[in-house]
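In what follows, every chain begins at residue 1, and chains take the letters A, B, ... in the order their sequences are listed.
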Number of protein chains: 2
Amino acid sequence: MSREITFGNYLQDKGLKGTQQRDEVADLFLKADRHFSVEELYRRVQKSDPRIGFSTVYRTLKLLVEAGLATERQFGDGFTRFEPVHREEHHDHLICIKCGKIVEFKDDRIEELQNGVAGKHNFRVTDHKLELYGYCNRCE
Amino acid sequence: MSREITFGNYLQDKGLKGTQQRDEVADLFLKADRHFSVEELYRRVQKSDPRIGFSTVYRTLKLLVEAGLATERQFGDGFTRFEPVHREEHHDHLICIKCGKIVEFKDDRIEELQNGVAGKHNFRVTDHKLELYGYCNRCE
DNA sequence: GTTGATTTTGAATTTCATTTTCACTATAAT
DNA sequence: ATTATAGTGAAAATGAAATTCAAAATCAAC
Ligand SMILES: [Mn+2]
Ligand SMILES: [Mn+2]
Ligand SMILES: [Zn+2]
Ligand SMILES: [Zn+2]
């Protein structure tokens, strides 16, 4: 029976300190189900504790990524986004270029074909990115 | 019989001026078959004419994109890359995260499945990005 | 070929997301 | 409580990309 993967445990295992700021940022981030930009999360954090700085939000998000509790994404709008890893399933994204709506999907047949392509070119694939950009039904 | 799409024609059609710098930058870019960072193209341009500036390389690349003669790519290393549009075929990329080798591929079955996914979520897809990251056979 | 309005150039500056610095503070082991 | 160590946040630095502006180049009209 292995220990639950929590932010607190991660910090302890790494010899890092638990702080109010880290807890606050991590809580607000993890309990939401969104693709946050740093700015967005910072604004939310400010509401519950205006003394927490931008740097700490940045730093905590990086720690969450290291802990495997967050994923970093680039959707091409110039802002890095982070999403909580709720289920540990890989997924890809459909992105509305008008309203920013993000839909997640996973298609095993696509993933399989990707592996086929990689194999044909003698690559060992460690990661991939599939993003479909367009207009959602509300924006169309 | 329609006029050939050249950079010169594009500039004329838009009422823009043809300059030595634009010609030089466009020539060096278009005759290579590479995914250039601006820095890389700038270095190549410097060799043939050291008086051409960085800004002009940037500006010319954007013009080439507008003219449909170049495509802008983000491979996640922090540098925007541009590739000449030789044939007007869409393609995706396999990228070695060790040596930077880039292999192009196109898989119609993947594209088809992508359309299926988009349709299921009532999106009209205008663009997509599929990148496979890993190790090429030399780096493995 | 000269003119002259207009565009382009390139060095320098600015922008803006992100990272780093550093004096101060908080944490946690002893 | 003491103390070593790590964290905080305001401010400064960074770096890729965009923009500024005085000087230079282009080109259509003379
Ligand atoms: Mn997601
Ligand atoms: Mn390519
Ligand atoms: Zn939309
Ligand atoms: Zn390689």
Using only side-chain N and O atoms of A:T56, determine if any of them is under 4.0 Å from OP1 or OP2 of D:dG7. no
Selected nucleotide, minimal atom distance to B:I52 side chain, candidates C:dG10, C:dA26, D:dA17: C:dG10
Expressed as a whole number of angstroms, how long is the span from A:Y58:OH to D:dT14:C1'? 13 Å
Nucleotide C:dT18, atom P - distance to CZ of A:F36 in whole Å: 15 Å
So does B:Q21 get a side-chain nitrogen or oxygen closer than 4.0 Å to the phosphate oxygens (OP1/OP2) of C:dG10? yes
Just checking A:R59: base, sugar-phosphate only, or nothing, at a heavy-atom cut-off of under 4.0 Å? base
Measure from the side-chain heavy atoms of B:K17 and tell me the nearest of C:dT18, D:dT5, D:dC27. D:dC27
Does the pair A:D127/A:K129 count as a salt bridge with the N-to-O cut at 4.0 Å? no
Count the heavy atoms of every other residue, nucleotide or ligand shown that sit under 6.0 Å from CD of B:Q46, and state whether that count exceeds 12. yes
Think A:S55 has a side-chain N or O under 4.0 angstrom from the OP1 or OP2 of D:dT8? no
Do any side-chain nitrogens or oxygens of B:R22 fall under 4.0 Å of OP1 or OP2 in C:dT9? yes
Could you work out which one of C:dT18, C:dA26, C:dT20 sits closest to the side chain of A:T80? C:dT18
If you count the non-hydrogen atoms of other residues, nucleotides and ligands that lie under 6.0 Å from CD in B:E66, is the total more than 12? yes
With a 4.0 Å cut-off on heavy atoms, is B:G78 in touch with a base, just the backbone sugar-phosphate, or nothing at all? sugar-phosphate
How many whole angstroms separate atom CG of B:L11 from atom C1' of C:dT7? 12 Å
Provide, to the nearest angstrom, the distance between the CD atom belonging to B:E40 and the P atom belonging to D:dA17. 12 Å
When rounded to whole Å, the CD to P distance for the pair B:E72 and D:dA17 reads 9 Å
Could you tell me if B:E83 and B:H35 have a donor-acceptor pair between their side chains, going purely by distance under 3.5 Å? yes
Under 4.0 Å between a side-chain nitrogen and a carboxylate oxygen: does that hold for B:E40 and B:R34? yes
What's the NZ-C1' distance between A:K14 and D:dT5, to the nearest Å? 18 Å
Mind calculating the distance between CD (B:Q20) and P (C:dT8) to the nearest angstrom? 15 Å
Is the distance from OP1 or OP2 of D:dA18 to the nearest side-chain N or O of B:K62 less than 4.0 Å? yes
Provide, to the nearest angstrom, the distance between the CZ atom belonging to A:F7 and the C1' atom belonging to D:dG7. 12 Å
Looking across every strand, which nucleic acid part, if any, lies under 4.0 Å from B:F54 by heavy atom: base, sugar-phosphate, or nothing? nothing
With nearest nucleotide decided by heavy atoms, which residue, A:L16 or B:T19, maps closer to the 5′ end of DNA chain D? A:L16
